[in-house]
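Presented below is the structure to which this report refers.
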Amino acid sequence: MRDNPVDAEVPSHRLLVRAGYIRRAAPGGYTWLPLGWRVYQHVAEIIRQEMDNMGAQEVNFPAMLPREPYEASGRWTDYGDNLFRLQDRRKVDFLLGPTHEEMFTLLVKDLYSSYKDLPLSLYQIQTKFRDEARPRGGLLRGREFSMKDSYSFDIDDEGLQQSYDAHRNAYVRIFERLGLPFAIVSAMSGAMGGSKSEEFLFPCEIGEDTFVQCTKCDYSANTEAVRVGAPAAIDSKSTPRAQVFDTPATPTIQTLVDLFNSRADLQRKDRQWTTADTLKNVVVNLRHPDGRIEALAIGVPGDREVDMKRLEAQVSPAEVVPFDDTHFAAQPKLVKGYIGPNALGLAHSTGVRYLLDPRIADGSEWITGANAAGKHVAHLVHGRDFTADGVIDVAEVRDDDTCPSCASALIIKRGIEIGHVFQLGQKYAEVLGLSVLDKNGKAQTVTMGSYGFGVSRAVAAIAEATCDDIGLRWPHAIAPFNVHIVMAGKEDALITDTANNLAQTLDSQGIRVLLDDRVGVSPGVKFKDAELIGNPIIVVVGRGAANGVVEVRDRLTGLASEVAIADAVAHVKSACATS
RNA sequence: CGGGGAGUGGCGCAGUUGGUAGCGUGCCUGGUUUGGGACCAGGAGGCCGGGGGUUCAAGUCCCCCCUCCCCGACCA
């Protein structure tokens, strides 16, 4: 295919379509063509081998599942619109599996009943369905995609930790074998439930996940899960007492700071005021799962926004909904634009729960709202003049924020989430009644882990990681073929025989060979196609054949060398072995 | 779900004041060519996203719907 498909923006997607690996078949659904399917199988096989190595056993569930187990776990409703639901002819509800915690839990419940059967790890490589609001980047985010999902079952937390570590280590090996760079970041568990979880990200500009990495130590976390360290307390003995000022015409924090810097009675002697000296109080509503609405005020330094993603991750399962004018009307003591700490808190008149960003150090002084229109208060000291009901870490994260582990600078990166490992704990085992008898004959609820790995997404990520301007560049372990033989130049018996013999010999020795024997196609076209398809070695059988040589090219480095026909097989084999 | 863009042969696109659809590429046939996207000749292929309307006449004008892409929201 000579022209790029116009509806593909992401390079790997464009190339995979153009080179004939995949083809869109439905919104968010892709057909694997022969080249693509070979790549997919290679990736799946590497995953399979590493899962088997760590002692997991492969099974396979149907994709179409009954409603009841998901009803029991709450996910029939919790998954919301992202769940594909359907009914059979008798109007019985089914779903297309988005992930299989419930089914695995029930399987183990059916099959096992003793602690002697544990630990146990089961996995499958299977098509998953999620009705994504916005599929993107071809294989990167589909509504139908292939995932390896595994589940561990242990009698206690120690066992879970071991199973978790085993999976984590297996994932490290899989990434290494796939040749895919990765970062392991702390993450929030989200709708999956459970406690500890880590994501395996492929760092990449087009990624949809944002994470931070420490420039010094190995701390790394999804921005939702970042925890900033609390600064040391500040001695406020010499801080002036709090004072209220009229601050007309200060609709934004910047205008407020400008006013303070321009008025002699408000200026600081040592430096200019900045937006970071102000305390911004944001009020939202939380909708709890039981339907209860609760107002929540959050205090952050004025130079930062509240990151809604981080907030939602923190307050989950409650949902964040806006605190709009009707809510302000119902709370006359909250003066929109001038909300100050002294109106907030469970102990205060409004009774609105008030949580502070951890950066608001004990003893620090602030310019903030005075709870009256047109008035702000300065020198308001945390701990001396106001207190909050607790701490919440939801301010936006920035480059150069400090690492919670070593206090060095953090940097922000983007990545594609390929794997996610969870310590689920007993959530699913409890609601589905999975327990085994322990040594004392007593029923113990099993504790579980869940481990996802996006297989189709990994294919796209590898393509993204390795491609260049002119095409794909697969590593040997993944490539559809090891060698792409191009017959170039005027067709004659020597060239045809040399190419065919070479292909047959390599094939018989276990090398995967693609032979381009199209007639009447000019050499330039064949070269371009070979480069686009991206197998790691390209062998050109052409005019050199008359002199007893062929050209061997390395697609990755672009280096080419002439090799005697007699040595070609050995040369290619060693190239396959070393790269 | 909000904002923006776009739907015309496989792919990339053009189509004027409304007049019955064209170009490039790919495909088929024959011939010439053969180391970096060759050339000549002949050919096949289109419910112009869908429905309704205006009109003698609609790819083009009007209304409704659908789909795709990008940004956001959401999401292992």
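Letters A, B, ... are given to chains in the order of the sequence lines, protein chains preceding strands, and every chain is numbered from 1. Below, each value reflects all heavy atoms present in this structure, side chains not excepted, and no hydrogens, waters or symmetry copies.
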Determine which nucleotide pairs with [N], using a 3.5 Å limit on both distances of a Watson-Crick or G-U wobble pair.
N: U25(B); value: G10(B)
N: G30(B); value: C40(B)
N: C56(B); value: G19(B)
N: G72(B); value: C1(B)

In whole angstrom, what separates [X]'s [atom1] from [N]'s [atom2]?
X: Arg141(A); N: C75(B); atom1: CZ; atom2: P; answer: 10 Å
X: Glu208(A); N: A73(B); atom1: CD; atom2: P; answer: 11 Å
X: Arg23(A); N: G10(B); atom1: CZ; atom2: P; answer: 9 Å
X: Glu132(A); N: A73(B); atom1: CD; atom2: C1'; answer: 13 Å
X: Lys427(A); N: A76(B); atom1: NZ; atom2: P; answer: 11 Å
X: Arg143(A); N: C75(B); atom1: CZ; atom2: P; answer: 18 Å
X: Glu102(A); N: A76(B); atom1: CD; atom2: P; answer: 14 Å
X: Arg136(A); N: A76(B); atom1: CZ; atom2: C1'; answer: 16 Å

Using the side-chain heavy atoms of [X], tell me which of these nucleotides is nearest: [options].
X: Glu417(A); options: C75(B), G35(B), A76(B); result: A76(B)
X: His420(A); options: A76(B), G37(B), G35(B); result: A76(B)
X: Ser522(A); options: C75(B), A38(B), A76(B); result: A38(B)
X: Arg130(A); options: A76(B), G37(B), U34(B); result: A76(B)
X: Lys309(A); options: A76(B), C74(B), A38(B); result: C74(B)

Which value, in whole Å, describes the distance between the [atom1] atoms of nucleotides [N] and [M]?
N: G49(B); M: G59(B); atom1: C1'; answer: 12 Å
N: C23(B); M: U67(B); atom1: P; answer: 34 Å
N: G37(B); M: C74(B); atom1: P; answer: 50 Å
N: U20(B); M: U60(B); atom1: C1'; answer: 12 Å
N: G9(B); M: C13(B); atom1: C1'; answer: 12 Å
N: C63(B); M: G2(B); atom1: C1'; answer: 23 Å
N: G72(B); M: G35(B); atom1: C1'; answer: 50 Å
N: C61(B); M: U16(B); atom1: P; answer: 9 Å

Could you check if a side-chain atom of [X] sits within less than 4.5 angstrom of a side-chain atom of [Y], using non-hydrogen atoms only?
X: Val185(A); Y: Gln213(A); result: no
X: Arg38(A); Y: Leu514(A); result: no
X: Phe182(A); Y: Ile418(A); result: no

Between the side-chain atoms of [X] and the base atoms of [N], is any donor-acceptor pair under 3.5 Å?
X: Glu531(A); N: G36(B); result: yes
X: Arg553(A); N: G36(B); result: yes
X: Arg18(A); N: G10(B); result: no

Donor on one side chain, acceptor on other, Gln161(A) and Asp157(A), under 3.5 Å: no
Polar side chain donor-acceptor pair, His167(A) to Ser150(A), under 3.5 angstrom: yes
Phosphate OP1/OP2 of U34(B) contacted by Lys490(A) side-chain N/O (<4.0 Å): yes
5'-most by nearest nucleotide on RNA chain B - Met147(A) or Pro523(A): Pro523(A)
Aromatic centroids of Tyr451(A) and Tyr123(A) separated by under 6.0 Å: no
Gln87(A) CD: over 12 foreign heavy atoms closer than 6.0 Å: yes
